[in-house]
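Order of the sequence lines fixes the chain letters, A, B, ..., with proteins taken first and strands second; residue numbering starts at 1 for each chain.
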Amino acid sequence: MILPELNPSQNEAVTHAGGPLLVLAPAGSGKTRVVISRLLHLFEKHGWSDDRILAVTFTRKAAREMVSRIAESRPSFAVPWVGTFHSVAARMLRQHADRIGLPREFAIVDGPDQRQILRDLLEAAGLSEKEHDPKSVLLRISQWKTSGVSPDEAERTSFGPFRADAGLYRSYEARLGAQKVLDFDDLLLRLTRLLKNDPEVRTFYRNQFEHILVDEYQDTNAAQEALLRILSRDGRNVTVVGDDDQSIYRFRGADVGHILSFARHYPDARRVVLSVNYRSTRAIVGAAKAMISSATSRFDKDMSSAGGKGLPVVLKKAGNESDEARHIGLRILEKVSSGSRFRDQAVLFRMNVQAQTFSRILTEQGIPYKIRAGSDGFFSRREIRDLLAYMRLCVNPFDRVSLSRVLNVPQRGFGDKTRNRLEALADKEALPARRLLSLLAEELPQKAADTARRFADDLSEGRVLAEKGEGVCPLLSFWLERTGYERYLEGLGEPEGTLRDRRENLRELSRMADRFDRSWKAVPERTPAGVFLEELALSQDDPGDTEAGETPDRVALLTIHQAKGLEFRHVYLAGAEEGILPLRGRNRVDVEEERRLFYVGMTRARETLEITYCLTRQLFGKTDSFKPSRFLFDLPREFTEGDRPSPAGAGEPSGIGRSVSGTHSSSGARHSEPMGVSRRSEPGSSEVPPKPKIVSRPEWIGRVVRHARFGQGVVEEASGEGGDLELAIRFEEVGVKRLLERFANLTAD
DNA sequence: GTCCTCGCGTTTTTT
DNA sequence: ACGCGAGGAC
């Protein structure tokens, strides 16, 4: 097959035959094209039918893009097995649900549901949310689950407050089981377990998929990696594509170690590096390359730009965040007057709060912009969650979270007392909602009992409607009408605007249901509502985001995380300050991940890149002064211009391990304002110290150790830096400490 | 059962 | 600054 438009390494990645393949695809290296070309190449070369290849992505957006790109190239292919890890797993699990005692219509609980379950469990256990923050406990539970630690083991190896967390883990699992629902982790874990225990199913899929391709492999977590391994023929028929430098999701379990050690885990894996950047100018690539090369754990890749030299990366110092925004606004207008559009430009920052200043200032300057809805997105709106809860109860009557949510919405006169009674009944025995309500009715006074029975009847009616399978709209309308939801909203006494928004959201939900019903094709043994709800559960997409067609001419205001995978002609990377980027959180920072984040931000730019930093900034209500980001010192003079920061020696970040700042600053830098002294590199010492070998040491995580002074603790993170093993250990008494294993003198416990 | 006030903590986000 | 949760008042 002739692929004339591909460069040699792209071509190698596309045509590689046999054996595991790792494609290292840095920003702008034509990754998507290579992925699509490879899939088409495999189809054509082998004459496989279109269900013989599995392609997994991390986001639905990426999956959608893959599907449409394939369709563009070869409309004849359907490629049914393209999806997210979770959607693919859900599909396989439903297929074989009977083998593991799951109903085919098992529901999937999302983040807010999980949090609600945990809150209920905390209350039942008499624990406070203060000491057991639901989010962190869930994170902990997720770590336990993904690393294969059972509640029993967790209880054995935990101590202090974690003992209680382990107890919560046990009851959390029990409650999910009783409700016949799975969380996101379960989708992967249960499938992996099924494949492990059931040779028939395992053989079935291993035979079905001639080839498996994984995109954004640097974002895989342990559960996904385990699934990939068992689903594939021991990795023989696997292609993974990714970029270790763009791994920015460690906080949610991604382990860059998977991509870094791919060759170790999959013997005779072939590695192809796509090293030509077709996106950005030489200046941008040069600056980004220099800055990421100071990272400690990465593949040493070469990168070159296929473009022209371009304009230098501009560094700009601003007095405060308003000045910063005003400056960027003016630059945006300059670009527009010289022919660029607003939508060619993007402002990138570390934290969502930073968007507020830009929003205010850009409005003043008359610049159109768009901000992606954050946590107040469509699917976290009360009206949406309420109606979805009603619908979910009809698909899965065991869903306690949904029942509890709508118990008193609209008001039925059920308060805490009634709720507790209901919870107690549900604890005793797993029963469908209508049975629970009938039982409850027996304990209630006449009037309340009638209400409970009416509610139970409504639920039965809704259930019948859902089972009939005539679509989502009838079910939605049923609940809207039966609950008098509009009247309920009116009675809330909220401001006019809020009420209007809520009504508009409900209309949007109806439209979504309508669109779904129109395109709905019968799936054996599944109800439309079940499929609809699964689609929503697996996509927390803002519906506004997915509206196709028009692309309004607006500047994009994005966090760097949101910008991943996107590109813009002109990028403004704002807030390049110590404490912001790298961010200094309450706990500690993972400077390496922050560096990659900075890198991802830089590499979004095609033509121009401007990086700004503020001397002072108002954050959390008070004004503080900030120092320029250490990463700015890694940008070579050759590719930059403007306000190069002068190294300030004082106030190095505390903690063990050398600071990055200064160590790698370009040796020839002249310091216009030599206020600091110490941090200059010796002239001629521009040699970067030899790259330490990797890196992530997952085998340490979860180990219980004893320290002479701090006592007993559990290892939360482990990474090798400069040949040393650095551990983050949570101690019972003193909290999290970061220690070098070499010096800490730890004993196993 | 609902409203109000006080105090605290504050990343990043997908499925 | 601001929102959220806990706890008290009505």
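- Here the nucleotide nearest the side chain of Thr84(A), chosen from dT15(B), dT2(B), dT14(B), is dT15(B).
- Toward the 5' end of DNA chain B, the nearer of the two residues Lys417(A) and Thr559(A), judged by each one's closest nucleotide, is Lys417(A).
- The separation between Gln114(A) atom CD and dT14(B) atom C1' is 12 Å, rounded to whole Å.
- The distance from atom NE2 of His561(A) to atom C1' of dT14(B) is 11 Å, rounded to the nearest whole Å.
- Of the candidates dT2(B), dT12(B), dT15(B), dT15(B) carries the atom nearest the Phe184(A) side chain, counting heavy atoms from C-beta on.
- Because its NZ or CZ atom is not both nearer than 6.0 Å to the ring centre of Phe379(A) and within 45° of the ring axis, Arg385(A) does not count as a cation-pi partner of that residue.
- Between the CZ atom of Arg596(A) and the P atom of dT12(B) there is a distance of 18 Å, rounded to whole Å.
- Residue Arg350(A) has its side chain nearest to dT11(B) when only dT13(B), dT2(B), dT11(B) are considered.
- For the pair Arg252(A) and Tyr249(A), the cation-pi criterion (under 6.0 Å, within 45° of the ring axis) is fulfilled.
- Of the candidates dT2(B), dT15(B), dT12(B), dT12(B) carries the atom nearest the Asn352(A) side chain, counting heavy atoms from C-beta on.
- dT13(B) atom P lies 13 Å from atom CZ of Arg115(A), rounded to whole Å.
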### Query
When you check every protein heavy atom under 4.0 Å of nucleotides 1-10 of chain C, what one-letter string (B, S, -) results, 5' to 3'?
B---SS----
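- Remark: P of dT10(B) and CG of Leu619(A) are 12 Å apart, rounded to the nearest angstrom.
- Between the P atom of dT12(B) and the CG atom of Leu348(A) lies a distance of 14 Å, rounded to the nearest Å.
- The salt bridge (charged side-chain N to carboxylate O under 4.0 Å, His left out) search around Arg392(A) returns Asp113(A), Asp399(A), not counting sequence neighbours.
- Annotation: side-chain contact (heavy atoms from CB on, under 4.5 Å) contacts of Glu534(A) (sequence neighbours excluded): Ala90(A), Arg94(A), Ile108(A), Arg526(A), Leu538(A).
- Going from atom CZ of Arg419(A) over to atom C1' of dT2(B) covers 14 Å, rounded to whole Å.
- Both thresholds, 5.5 Å between centres and 30° between ring planes, are not jointly met by Phe85(A) relative to the base of dT15(B), so the two rings are not stacked.
- Within 4.0 Å (heavy atoms only), Phe414(A) reaches sugar-phosphate atoms of the nucleic acid but no base atom.
- Each of Glu594(A) and Phe58(A) was assigned the nucleotide of DNA chain B with the nearest heavy atom; the assignment lying further toward the 5' end belongs to Glu594(A).
- Taking the side-chain contact (heavy atoms from CB on, under 4.5 Å) definition, one finds that Ala27(A) meets it with Gln246(A), Arg279(A), Thr603(A), Arg604(A), sequence neighbours left out.
- Among residues two or more places apart in sequence or in another chain, the side-chain contact (heavy atoms from CB on, under 4.5 Å) test is passed with Ala576(A) by Phe598(A), Ile611(A), Tyr613(A), Ser629(A), Leu632(A).
- To the nearest angstrom, P of dT13(B) lies 13 Å from CG of Asp219(A).
- Under the salt bridge (charged side-chain N to carboxylate O under 4.0 Å, His left out) criterion, Glu383(A) pairs with Arg381(A), Arg502(A), not counting sequence neighbours.
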